[in-house]
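Below you'll find the structure, written out as structure tokens, and then a few comments.
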Amino acid sequence: MKVFLVLVFLLGLLFILHLTWWRIARPRRGRPVLLGLFIVGGVLLAPVVGFLLSWIGIEPLSFIQWLNVGLGTVAFALAYVVTYSALEADSPTLSLIRHIASSGRAGLREAELREFMSARPFLGARIAALIEEGMVQQREERIHLADHPYTLFRLVLLHRDRVLRIKCPGG
Amino acid sequence: MQGVAVWVGQSWSEALGGMVLVDGPIFICLAYGYANFVNLGHASLRIRIYRELQSSRHGILISELRAKYDEVQILSNRLQRMINAGDIKFDGAVYRLNKLRLLAISHAIFMLKRVVLGRQSEFFP
């Protein structure tokens with residue numbers, strides 16, 4: 001129960017920090033900054049949380065219990081950073097499902113769905129995001145990979161090809 | 001984790017509580033993260049663009065990318081995927097919602113967008 005309380009308190013504080021920072025000035029590269037905030041922030045705030053809880057009468061945590069809190073913070077941080085990608089960029093699938101649902105039993109024709117999609121330039125937004133995040137570079141009318149490799153995307157592709165062995169193009 | 005804690009002196013009842021309240025959610029978070037990591041490889045446009053760029057030595061013309069991945073193509077891929085998963089149905093004329101699963105997810109995501117980013121859509125702030 002102590003570990004649960006410390007975890008909830010710590011993650012709550014980190015989430016409040018995150019929301020406050022994002023309201024003041026949203027960072028250009030949201031995902032790595034967010035991961036750093038949860039991990040580094042977690043390490044820095046853990047003693048503060050420990051002190052505050054001991055102040056209200058909760059016994060200090062053992063080393064093993066702090067490890068458990070650390071594992072919980074990292075797991076939550078990873079899950080949230082993955083979710084954050086879906087917050088930054090509209091998902092075509094989720095946007096479509098909301099639009100189809102809003103039509104109720106009447107449903108929507110393909111032409112109506114095409115009109116819906118044409119008002120949402122997903123591809124342009126993705127290219128702009130890749131350029132803004134420094135993963136690709138635009139030179140005149142061409143785009144190129146940035147000089148430094150983007151580790152997460154390379155991992156995803158490696159996993160897709162070697163572990164899942166997916167052949168179809170996806171997207 | 002709770003096994004280690006019991007080994008160093010924690011009580012069994014605390015360990016059981018720890019498994020339910022802490023280790024269970026940790027497992028769910030890690031499983032959720034992995035499921036999304038896999039989904040990135042399936043459905044992400046950014047990954048697809050990145051892959052195309054990886055296999056092109058001289059870069060790609062933006063107009064070429066637009067021709068290959070226009071909104072009609074994206075729509076068609078997504079609709080087919082949702083039909084295959086049973087999330088929507090097509091009766092030959094119109095598309096209708098069939099399952100609530102994706103809709104529930106989309107409501108949660110759009111609510112979180114409002115809270116974290118202060119807007120519901122990147123296209124319509």
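What you are looking at is a predicted structure, and each value in this text was computed from that prediction instead of being measured. The chains referred to below are lettered A, B, ... by the order of the sequence lines, with proteins before strands, and numbering in each begins at 1.
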Proximal component of A/Tyr80, with respect to chain B [non-hydrogen, under 4.5 Å]: side chain
Test log, rule side chain to side chain contact (heavy atoms under 4.5 Å, CB included), inputs A/Met117 and B/Val72: CA-CA 8 Å; A/Met117 291 294 282; B/Val72 172; over 6 Å; no
Among A/Ala89, A/Ala77, A/Gly72, A/Gly124, residue most engaged with chain B (heavy-atom pairs, under 4.5 Å): A/Ala89
4.5 Å side-chain heavy-atom contact, B/Phe110 and A/Ser91: no
B/Arg101, part contacting chain A, at a heavy-atom distance under 4.5 Å: neither
Taking every non-hydrogen atom, the tightest pair across A/Thr93 and B/Leu102: CG2-CD1, 3.8 Å
Evaluation steps, side chain to side chain contact (heavy atoms under 4.5 Å, CB included), between B/Leu117 and A/Tyr84: CA-CA 10 Å; B/Leu117 302 175; A/Tyr84 185 77; 3.9 Å; yes
Pick from A/Gly104, A/Ala106, A/Gly30 with the largest number of heavy-atom pairs that fall under 4.5 Å of chain B: A/Ala106
Within 6.0 angstrom of A/Glu141 CD, more than 12 heavy atoms from elsewhere: no
pair A/Leu71-B/Val22: side-chain heavy atoms closer than 4.5 Å: no
Residue among A/Pro92, A/Ser118, A/Ala119 with most heavy-atom pairs under 4.5 Å to chain B: A/Pro92
Between A/Ile143, A/Leu78, A/Val136, the one whose heavy-atom pairs under 4.5 Å with chain B are most numerous: A/Ile143
Heavy-atom side-chain contact between B/Ile26 and A/Val74 under 4.5 Å: no
Heavy-atom neighbours of B/Lys113 NZ exceed 12 at 6.0 Å: yes
Part of A/Leu130 lying under 4.5 Å from any heavy atom of chain B: side chain
Which portion of A/Arg109 sits near chain B, non-hydrogen atoms under 4.5 angstrom: both
Toward chain B, the part of A/Leu19 with a non-hydrogen atom under 4.5 Å: side chain
Any donor-acceptor N or O pair under 3.5 Å, side chains A/Ser103, B/Tyr95: no
Heavy-atom contact with chain B under 4.5 Å, split by part of A/Arg23: side chain
Heavy-atom closest contact (A/Asp90 atom, B/Gln120 atom, distance): OD1-O, 4.2 Å
Hydrophobic cluster membership, B/Phe27 vs A/Leu7, 4.5 Å side-chain cutoff: no
Which atom of A/Ala86 lies closest to which atom of B/Ile109, heavy atoms considered: O-CG2, 3.8 Å
Residue among A/Ala125, A/Ala75, A/Ser85 with most heavy-atom pairs under 4.5 Å to chain B: A/Ala75
Taking every non-hydrogen atom, the tightest pair across A/Arg26 and B/Arg119: NH2-NH1, 3.5 Å
Nearest atoms (heavy-atom pairs only) where A/Arg142 meets B/Gly59: NH1-O, 3.0 Å
Residues B/Tyr32, A/Thr83; criterion side chain to side chain contact (heavy atoms under 4.5 Å, CB included); working and verdict: CA-CA 9 Å; B/Tyr32 169 83; A/Thr83 306; 2.6 Å; yes
Spacing of CG belonging to A/Leu145 relative to CD1 belonging to B/Ile60, to within rounding of 0.5 Å: 8.5 Å
Minimal non-hydrogen separation, B/Leu103 against A/Arg98, with atom names: CD1-CA, 4.1 Å
Between A/Leu108, A/Val8, A/Leu96, A/Val82, the one whose heavy-atom pairs under 4.5 Å with chain B are most numerous: A/Leu108
Working for side chain to side chain contact (heavy atoms under 4.5 Å, CB included), residues A/Phe15 and B/Val116: CA-CA 10 Å; A/Phe15 200 73; B/Val116 175; 4.2 Å; yes
Minimum side-chain heavy-atom gap B/Ile62-A/Gln138 below 4.5 Å: yes
